[in-house]
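No experiment lies behind these values; they were computed from the predicted model shown. Note on naming: letters A, B, ... go to the chains in the order of the sequence lines (proteins, then strands), and numbering restarts at 1 for each one.
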Amino acid sequence: MLDTAELSKLLEQVDQPVAGASGLPNALYATPDALALERERIFKNGWACIGFGKDVPNPGDARPIDFLGMPLLLLRDPDGAIKVFENVCRHRGMILVEEPKNFGGVIRCPYHSWCYSLDGALRATPHVGGPGINRTETIDPTQTGLTEVSCGVFMDVVFVNVSGTAMPFETWIAPLRNRLSDFADQPLFAPTSHGSFTLDVQANWKLIMENNCESYHLPWVHPGLNSYSRLEDHYCFEAENFSGQGTLVYNPDLRFPNFEGLPSKWDMSAEYPSVYPNVFFSVHRDHFWAAHLDPKAHDRTVERVEIYYATEEAATSDHFAPLREKNAAQWKEILSEDIFVTQGMQKGRGAPGFDGGKFSPEMDSPTHAFHAWVARALAN
Amino acid sequence: MPSTPGSPAPLPTEAEILDRDLRRYHGTGDAARLCALHKRAAVLVSDPCEARFHLTHAWIYALVLGDREDVEGLERQLRAAGGL
């Protein structure tokens, strides 16, 4: 059980200037109660990633999503817009859609066949007034549509705010949009092959975010990466709802067509913002990927990576297929190299004497920024 | 209809064939087939309440298909029958 009074005291020590701050306490990594608390105060109350627009490429496509036990339905409407609904019938709470599929007409509940339009409106209630009588005074279809969940899309990454109480999406995403303004409105092309991979990590979701925030670990954990992107070539950045690192020497062997109109600074730069709470971005002059962290338990996270390219040719042509394969394999190798440290830190959270750890003001500031953000979110 | 030993089995009635097909396709999710079968059943039955029952099912499967013209036609019939 989480001792909330004790937790509050410990969180105060986290939200301090980096030099004197403690890290988040063990209990937030090692107990199921912690994830339940985070579900309410972080994932429901704020904006969080649930998937990608490429999951529903065509109008009428729908994909059920289990978002920390909350059944959601990601849907592309007939006009091409992304919508998210609670994936339950308003009648008896039956799950509406069990598998990804395309809906040419309505979404029919498999229980009593109540039907919903793709805009969520209740369209039919068969036999609701008795056999063959399909209306009843007490059920107003205009008040009984699917429960819509606030959603927003940035660079094909889909975010939701389940509580509906967070700031407007465009306000929330503005700092990241500003930081990635050279990429934010570029067309993105999802590959036909070697465009995604997943990693099943036996570690708390926050440890994966934290690890991605900093470049301090690169020479020790990613020696191959360090051979062309050295520690001293990296820099850190922080904002209200993200932090991360960038490199000034991005120049891998693989060469895809670049995004159009990029300033020259991107010739040799790449950036890796970790967007709180659960997605990190990776932008390069010729491709972009995002990693969605899906917390399955307090000590298990599924990390899903989706890669995008700057041109259709890079994303779909046979000519680039071997390079796409190599690029995806390279990123998978790098992210896989992180697993032993995130899983090692997860085991380390079982040590009763570990007090959350210390931060280097020079190297760990983006990680501390994430800790402080979590502390503030949990304290609210 | 029972048959006497040695004589060929009598042909099933259209109602029996419909009933058999409705059972066969019930779990298939074949909305087009189910819509058509229920529309036919609505015509065959003599009881107006039973007809309205089948029209309701035909309407739901037409909605699933997104067949606007069919939906509008079935809604007209259902309104006339007091089902909407």
Review point. Under a 4.5 Å heavy-atom cut-off, does chain A meet the side chain of B/Leu65, its backbone, both or neither?
Key: backbone

Review point. Which atom pair, heavy atoms only, marks the closest approach of A/Pro126 to B/Thr56?
Key: CB-CG2, 3.6 Å

Study note, to complete from the structure: Okay, B/Leu78 and chain A: the region with an atom under 4.5 Å from a heavy atom over there is side chain

Review point. Hey, is CD on A/Glu312 packed in by over 12 heavy atoms from elsewhere, all under 6.0 Å?
Key: no

Check your understanding: Can B/Ile60 and A/Arg108 be said to form a side-chain contact (heavy atoms from CB on, under 4.5 Å), step by step?
Key -> CA-CA 8 Å; B/Ile60 293 300; A/Arg108 181 178 71 88; 3.5 Å; yes

Check your understanding: Would you say the side chain of B/Arg52 lies within less than 4.5 Å of the side chain of A/Ile133, judging by non-hydrogen atoms?
Key -> yes

Exercise for review: Assess whether atom NE2 of B/His26 is packed by more than 12 heavy atoms of other residues, nucleotides or ligands within 6.0 Å.
Suggested key: no

Practice item. Report the option among A/Ser117, A/Gly104, A/Gly60, A/Cys115 that has the most heavy-atom pairs separated by less than 4.5 Å from atoms of chain B. Key: A/Gly104

Review point. Does B/Arg68 CZ have over 12 foreign heavy atoms under 6.0 Å away?
Key: no

Check your understanding: Would you say A/Asp318 has more than 12 foreign heavy atoms packed within less than 6.0 Å of its CG?
Key -> no

Point to revise | Proximity breakdown for B/His57 and chain A, heavy-atom pairs closer than 4.5 Å | key: side chain

Review point. From B/Trp59 CH2 over to A/Ser113 OG, what is the distance, rounded to the nearest 0.5 angstrom?
Key: 10.5 Å

Check your understanding: Under the 3.5 angstrom rule, does the side chain of A/Asn134 hit a backbone N or O of B/Gly83 as a donor-acceptor pair?
Key -> yes

Point to revise | Carboxylate-amine/guanidinium contact A/Arg123 B/Glu75, below 4.0 Å | key: yes

